[in-house]
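Every chain is numbered from 1 and lettered A, B, ... according to where its sequence line falls, protein lines coming before strand lines. Only a predicted model underlies this, so the values are computations on that prediction, with no experimental measurement involved.
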Amino acid sequence: MSTLQHPGPFSRRQSLRWRLPFLVCVLVAVVLVTFLWAAYLRVEATLVRAAGERAQVAADQVASLLDGRRTMEQMRQLGADPALRSFLQSPTDETREAARVRLRPLIGTSPRRIELWDAAGSRVLEFSTGVTLPRGSVPLVPGIRELQQSEDVVFSDNVAEIRDDSGPLGFLLIRSTFVETPPGIFSRLVGRDAVVRVANRRGDIWSNIAGPAPPVPVDLGRPGMGQYRADNGEMRLGAASHIRATPWAVWVDFPLTMVVAPARLFLNQMIGVALIYLAAAAVMVGILSARITRPLSELSVAAEAIAAGDYSRRVGGNRHDEIGRLGRTFNAMAGQVQEAQQRLEARVAERTPRLEAANKELDAFSYSVSHDLRAPLRSIDGVSQALLEDSADTLDAKGKGHLQRVRAAARRMGELIDDLLELSRVGRAEIRRDTVGLSEIGHTIAAELRKAHPDRHVELDIQEGLVADADRGLAQIVLENLLGNAWKFTANVSPAKIQLGGKQADDNGLGAVYFVRDNGAGFDMTYVDKLFRPFQRLHGHGDFPGTGIGLATVHRIIDRHGGRVWAESTVGAGATVYFTLPQHAVEVEA
Amino acid sequence: MRTRVILLVEDSADDVELTRRAFERSHIAHEIVVVTDGQEALDYLFAAGAFAGRDPNLTPQVVLLDLKLPKLDGLDVLRRMRADERTRRLPVVVLTSSKEESDVVRSYDLGANSFVRKPVDFDEFLDAACQLGLYWLVVNEAPPAVTKPSAT
């Protein structure tokens with residue numbers, strides 16, 4: 001039976017049927033995600049840039065509304081006003097009234113304060129309206145001044161120098177808050193969600209037009225776009241613009257989330273589209289994979305069936321692609337395997353009776369040898385003995401000696417026949433493996449040897465606990481031969497020592513090794529090759545009797561157990577015969 | 001009734017001679033009746049053929065049976081003996097050259113009382129014959145004789 005390894009458990013995870021679609025889907029998903037993300041980033045960057053530009057435009061527009069050049073021109077004209085000039089040149093009630101009349105129209109509806117100072121640094125005339133703005137103080141420098149803050153009011157000063165041809169006469173100070181004119185124009189300009197701030201360019205005072213506002217952490221020193229994180233954690237995007245002829249700047253910003261909201265929307269829509277694509281790809285690849293793997297799995301089922309012995313199994317091969325070709329090739333191969341199998345079976349069927357007949361013949365032959373070859377030997381021996389007894393008077397010593405030699409020859413031939421039959425039998429016997437105690441068998445044989453040769457004194461050392469996986473009867477024959485040989489070849493030494501020992505199988509896969517050692521005659525290692533061949537004897541029959549078949553029998557038995565046998569010796573210093581009996585391979589279901 | 005007869009079923013004249021000699025030397029005084037094939041053995045036991053005149057109730061004390069015999073072999077003889085009421089319990093010692101395991105097993109299966117292999121060495125053979133005679137003719141208690149003839 002072949003030892004075909006059965007395919008292991010087949011999980012769906014490992015199946016090509018599922019792995020292929022999975023891989024393709026992962027690939028498609030990776031590509032889609034990469035593209036989507038790149039597109040999203042591009043859209044977002046574009047939106048941010050557009051929003052920044054929009055903020056810049058809005059800031060520029062607000063800045064142009066607050067352009068200081070008209071105010072400066074107005075102030076310059078006021079500085080040259082004759083009424084104010086004459087009042088400061090000669091402050092009389094009359095000129096005071098004229099100056100008052102001239103300045104009164106400048107007080108509008110918005111909170112405003114107007115002061116007139118003389119060159120000596122004294123306030124000589126003042127008006128105020130709306131919320132009370134603090135009074136001005138020296139020194140006064142002409143021009144539009146930086147924003148100032150007083151409690152919850154942000155205001156700024158316009159200062160004009162009043163002078164005549166001879167030199168400066170005094171200053172006109174117009175202190176006012178911002179007023180949106182017309183109201184709501186800023187939010188129309190910048191849109192909802194946007195905020196507008198006016199601040200000093202150095203960023204110290206901030207105003208939201210109506211009043212003071214918390215500072216925004218951006219650099220107003222240079223006009224342009226910028227981003228910052230607000231106190232509530234949201235990112236805001238904006239732009240700064242300088243207001244001409246003033247030390248102020250305008251800042252307009254939007255929440256970034258609002259800016260990138262369309263990008264998010266775009267991303268969500270694209271994810272939806274991508275999922276549809278992915279699903280479509282999964283279905284298509286799944287169908288394709290099924291078309292590819294179904295014939296493969298059919299093929300593998302068929303191959304398993306053939307492996308299990310169903311040689312007639314075939315697969316459908318009507319496709320015109322590589323898989324179809326594979327199927328047809330497989331069928332052709334299966335056909336050949338089946339044919340080969342049938343030929344083999346036919347040959348076995350043809351040969352089995354011949355083999356059986358040969359075996360029967362061999363059995364009959366050895367049976368016949370056992371009976372018929374021994375009977376005449378018995379007659380020869382018996383008749384020789386009868387002759388010795390009955391004709392003792394007429395036979396001389398020479399004749400008696402001849403008869404003794406006839407008898408000895410007959411007995412030896414009997415032994416030869418017995419040993420040959422045994423050799424033949426161990427070659428044919430069925431091996432019934434079992435756990436065999438070699439030590440116990442050794443003790444039994446030792447006892448028999450001692451009983452048969454009570455005159456011999458031999459030190460027999462048998463290691464305890466030796467076991468082997470072997471046929472009990474054959475193992476006994478092995479030990480009988482080896483211990484018998486050792487016994488025989490130690491006949492001429494004293495003290496005679498025989499040892500039966502071994503090393504059990506270890507975990508390294510080395511099988512058990514057993515040995516029988518003696519300190520007897522030994523043999524010449526030159527002839528070690530002949531040791532285990534039948535009828536090969538390394539000693540003269542006169543020295544040690546024997547048939548030369550014992551070790552051949554041992555060799556055949558060990559061989560049939562799948563083991564090895566070998567010997568080492570030094571002439572005159574004893575011999576050691578080693579043998580192995582490997583564990584019979586236990587067949588395990590995979 | 002039992003007679004002081006040993007039935008020796010043996011085709012080899014040499015073996016017969018050696019067996020006689022061994023019994024003589026062992027001082028066994030029983031009469032040895034020799035038959036040389038299986039059929040003759042059955043004829044003797046059942047008083048048929050050449051032994052038609054014999055009283056079939058006179059059974060031998062022990063049968064020494066060789067296995068390799070002309071005509072009917074030893075195992076056939078044993079089978080017929082055990083199938084017949086008169087010889088069912090008769091002690092049979094298989095005395096043969098072989099010690100093939102199959103012979104031993106089948107002999108015991110068919111009801112042999114003992115299995116002895118004839119050694120080549122005459123001294124050993126002598127020893128075996130002596131012990132055999134002593135045991136089966138002296139020590140062993142024979143089964144009661146069957147006196148009623150069978151229907152056959």
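In this structure, B:Arg25 pairs ionically with A:Glu389, as a charged nitrogen and a carboxylate oxygen lie closer than 4.0 Å. Between A:Arg412 and B:Asp121, none of the side-chain N atoms (NZ, or NE/NH1/NH2) sits under 4.0 Å from a carboxylate O, so this pair counts as no salt bridge.
Other residues, nucleotides and ligands contribute more than 12 heavy atoms inside 6.0 Å of the CZ atom of A:Arg456. More than 12 heavy atoms of other residues, nucleotides or ligands lie within 6.0 Å of CZ in A:Arg560, so this atom counts as buried by the packing criterion. By the neighbour-count criterion of 12 heavy atoms within 6.0 Å, atom CD of A:Glu350 is densely surrounded, having more than that number from other residues, nucleotides or ligands. Atom CD of B:Glu101 is surrounded by 12 or fewer heavy atoms from other residues, nucleotides or ligands within 6.0 Å. Around OH of B:Tyr108, the count of heavy atoms belonging to other residues, nucleotides or ligands within 6.0 Å exceeds 12. Annotation: B:Arg80, atom CZ; neighbour count of heavy atoms from other residues, nucleotides and ligands within 6.0 Å does not exceed 12.
In this structure, chain A has a heavy atom under 4.5 Å from the side chain of B:Asp103, while its backbone stays farther away. Contact of B:Leu126 with chain A is not made at all, since no heavy-atom distance falls under 4.5 Å.
Between B:Lys118 and A:Arg374, the shortest heavy-atom distance links the atoms O-NH1, 3.4 Å.
Looking only at side-chain heavy atoms (C-beta outward), B:Glu124 and A:Arg411 stay at 4.5 Å or farther from each other.
When the candidates A:Ile417, A:Leu421, A:Asp418 are compared by the number of heavy-atom contacts under 4.5 Å with chain B, A:Asp418 comes out ahead. Of the listed residues (B:Ser12, B:Ser102, B:Pro119), the greatest number of heavy-atom pairs within a distance under 4.5 Å of chain A belongs to B:Pro119.
Contacts with chain B (heavy atom to heavy atom, under 4.5 Å) involve these residues of residues 376-385 of chain A, listed by number: A:Leu377, A:Arg378, A:Ser379, A:Asp381, A:Gly382, A:Val383, A:Gln385.
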